[in-house]
Asks: 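One structure follows; several queries about it will come next.
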Amino acid sequence: MTFFVDYNFFNPKVKLLSDRYNLIREEYIANRDKLEFKDFTKQQDKNIVEHGKGYPIGVESYFTAPEKTDEKGWHMAGILYDNYLYNRNSDFLPTLTETLKEIRTLNVCGINILDSGMSLNWHNDDDYHTGVPTLRVLWGLDVPVEDDGQSIIQMRDQFSEEVETKKFENNKFYCFWPSTEHRVENTLSSARTIVAIDLLINP
C-alpha cells in the first residue's frame with residue numbers, strides 16, 4: 001500500500017515541470033536572492049501543536065507574515081493563488097510561470113524552503129476551498145545530494161499508524177491528499193527547496 005498518488009490520473013500536464021526541470025532550476029538559482037520568501041515557522045509549529053493541522057496560507061496571512069531572515073525555519077515564496085500570479089516573484093521565474101499556465105488546474109503554487117535541521121511534526125491540511133478537493137504536488141527543485149543527510153516526507157495512516165517514508169530528490173514528484181497525516185524533516189547540511197502545488201480535482 002502507498003499513500004502517494006499518481007498525478008497522471010488527474011492532470012498529465014504536470015509532467016511539463018519535469019520536462020523543463022533544468023531550465024526551471026537554472027532560473028531559480030539565478031534569481032533566488034531576488035525572490036520574496038516569507039517565514040511561517042512559528043505559525044506552522046503553533047498550529048500543528050494546537051490543532052494538528054498545517055497553517056493555512058492565504059492572501060492575508062501571506063502578506064502579514066514576516067520576511068525570511070537568516071534564522072532557520074520553514075519558508076514560502078508565493079507564485080500563484082486562485083489563478084492570480086504574484087508578480088513580485090513570478091516575474092523572476094518566467095519558465096516556471098509559463099509552465100504553470102499550461103498545467104492550468106492549479107489553485108496554489110509556491111516555492112518552499114525547509115532549512116537544515118528543521119522539521120514539521122505530524123499534521124494534515126484542509127483544502128483551501130470547502131467542497132473542492134485538491135491534490136498536493138511537491139516537486140524537488142533544489143535538493144542537495146549528500147551521503148550523511150536526507151530530506152524526507154512521511155505519510156501515516158491514522159488508524160493503523162503505518163508509516164511510509166520517501167526521500168526528496170531533484171525532479172521527482174510527491175503527490176498526496178492533504179488530509180493524509182504527514183510530516184517533513186531535513187537532516188541535510190543545507191536547505192532543501194521544492195515547488196508546492198495544489199491541483200484542483202473535478203469531483
Asks: Check which hydrophobic residues are tied to Val163 through side-chain heavy-atom contacts below 4.5 Å, counting indirect links as well, and list them.
Replies: Trp122

Asks: Between the main-chain N or O of Ser189 and the side-chain N or O of Glu146, is there a donor-acceptor pair closer than 3.5 Å?
Replies: yes

Asks: Rounded to the nearest 0.5 Å, what separates atom CG in Leu106 from atom CG in Asn83?
Replies: 7.5 Å

Asks: Taking atom CZ of Phe176 and atom CZ of Arg136, what is their separation to the nearest 0.5 Å?
Replies: 5.5 Å

Asks: Does any non-hydrogen side-chain atom of Thr41 lie less than 4.5 Å from one of Met118?
Replies: yes

Asks: In this structure, are over 12 heavy atoms from other groups packed under 6.0 Å from Arg88 atom CZ?
Replies: yes

Asks: Is there a donor-acceptor contact under 3.5 Å from the side chain of Asn171 to the main chain of Tyr21?
Replies: no

Asks: Determine whether a donor-acceptor pair (N or O, by modelled atom type, separation under 3.5 Å) exists between the side chain of Asn11 and the backbone of Ile103.
Replies: yes

Asks: In this structure, are over 12 heavy atoms from other groups packed under 6.0 Å from Glu71 atom CD?
Replies: no

Asks: Tell me if the centroids of the rings in Tyr62 and Tyr81 come within less than 6.0 Å of each other.
Replies: no

Asks: Looking at OG1 of Thr95 and OH of Tyr28, how far apart are the two atoms once the value is rounded to the nearest 0.5 Å?
Replies: 15.0 Å

Asks: More than 12 heavy atoms of other residues, nucleotides or ligands under 6.0 Å from CD of Glu102: yes or no?
Replies: yes

Asks: Main chain of Ile79, side chain of Ser90: is a donor-acceptor contact present, judged purely on distance under 3.5 Å?
Replies: no

Asks: Would the distance check show the side chain of Thr193 and the main-chain N or O of Ile113 forming a donor-acceptor pair, the cut-off being under 3.5 Å?
Replies: no

Asks: Run the side chain to side chain contact (heavy atoms under 4.5 Å, CB included) check on Glu169 and Val143 step by step: do they pass?
Replies: CA-CA 6 Å; Glu169 297 180 52; Val143 183; 5.9 Å; no

Asks: Looking at every heavy atom in both Arg156 and Thr180, which two are closest together, and how far apart are they?
Replies: O-CG2, 4.1 Å

Asks: Test side chain to side chain contact (heavy atoms under 4.5 Å, CB included) on Asn112 and Leu138; report intermediate values, then the result.
Replies: CA-CA 9 Å; Asn112 173 240; Leu138 306 181; over 6 Å; no

Asks: Check the hydrophobic clustering (I, L, V, M, F, W, Y; side-chain heavy atoms under 4.5 Å; chains of links allowed) and say if Leu114 and Ile152 are grouped together.
Replies: no

Asks: Give a yes or no on whether the backbone of Ser190 and the side-chain of Asn186 come within a donor-acceptor separation of less than 3.5 Å.
Replies: yes

Asks: Can you establish whether the number of heavy atoms outside Asn87 located under 6.0 Å from its atom CG is more than 12?
Replies: yes

Asks: Does the Gln154 side chain pair with the main chain of Thr165, one donor and one acceptor, at a distance under 3.5 Å?
Replies: no

Asks: Return the set of residues passing side-chain contact (heavy atoms from CB on, under 4.5 Å) with Asn8 (not counting sequence neighbours), or none when no residue passes.
Replies: Asp6, Pro12

Asks: Parallel, tilted or perpendicular for Trp139 and Phe173, by the 30°/60° rule?
Replies: parallel

Asks: Begin from the C-alpha positions of Leu17 and Val137 and carry the test side chain to side chain contact (heavy atoms under 4.5 Å, CB included) through to its verdict.
Replies: CA-CA 11 Å; Leu17 291 166; Val137 178; 5.6 Å; no

Asks: Main chain of Lys167, side chain of Tyr174: is a donor-acceptor contact present, judged purely on distance under 3.5 Å?
Replies: yes

Asks: Is there side-chain contact between Cys109 and Val195, with at least one heavy-atom pair below 4.5 Å?
Replies: yes

Asks: Strictly by modelled atom types, are Ser61 and Gln43 linked by a side-chain donor-acceptor pair under 3.5 Å?
Replies: no

Asks: To check you understand the geometry: which heavy-atom pair defines the closest contact between Ile194 and Gly140, and what is its length?
Replies: CG2-CA, 4.1 Å

Asks: To the nearest 0.5 Å, tell me how far Lys68 NZ sits from Phe37 CZ.
Replies: 7.5 Å

Asks: Would you say Phe63 and Tyr84 are hydrophobically clustered, going by side-chain heavy atoms of ILVMFWY under 4.5 Å?
Replies: no

Asks: Tell me the closest heavy-atom pair linking Leu80 and Asn107, and the distance in Å.
Replies: CD2-O, 3.7 Å

Asks: Take atom NZ in Lys172; do more than 12 heavy atoms of anything else shown fall under 6.0 Å from it?
Replies: no

Asks: Output yes when a side-chain donor or acceptor of Asp115 lies under 3.5 Å from a complementary backbone atom of Ala191, and no otherwise.
Replies: no

Asks: Please check if Ile111 and Leu85 belong to a single hydrophobic cluster, counting links between Ile, Leu, Val, Met, Phe, Trp and Tyr side chain heavy atoms closer than 4.5 Å.
Replies: yes

Asks: Are any side-chain N or O atoms of Asn89 and backbone N or O atoms of Leu35, one a donor and one an acceptor, separated by less than 3.5 Å?
Replies: no

Asks: Measure the spacing between NE2 of His182 and CG of Asp125 and express it to the nearest 0.5 Å.
Replies: 4.0 Å

Asks: Compare every heavy atom of Arg192 with every heavy atom of Pro144, then report the nearest pair and how far apart it is.
Replies: CD-CA, 4.2 Å

Asks: Can you name the closest pair of heavy atoms from Phe4 and Ile153 and give their distance?
Replies: CZ-CG2, 4.1 Å

Asks: Would you check if Asn124 and Lys53 make a side-chain contact, meaning some heavy-atom pair closer than 4.5 Å?
Replies: yes

Asks: How would you list, by chain and number, every residue that makes a side-chain contact (heavy atoms from CB on, under 4.5 Å) with Pro56, sequence neighbours excluded?
Replies: Asn47

Asks: Checking Leu200 against Thr134 for the side chain to side chain contact (heavy atoms under 4.5 Å, CB included) test, could you report, in this order, the C-alpha distance in whole Å, the side-chain angles of both residues, the deciding distance, and whether it holds?
Replies: CA-CA 5 Å; Leu200 293 170; Thr134 56; 3.9 Å; yes

Asks: Any idea which heavy atoms bring Tyr86 and Gly78 closest together, and the distance?
Replies: CD2-O, 3.4 Å

Asks: Output the distance between atom CG (Leu23) and atom CG (Leu93), rounded to the nearest 0.5 Å.
Replies: 12.5 Å

Asks: Find out if a path of hydrophobic residues (ILVMFWY) with successive side-chain heavy-atom gaps under 4.5 Å connects Leu199 to Phe9.
Replies: yes

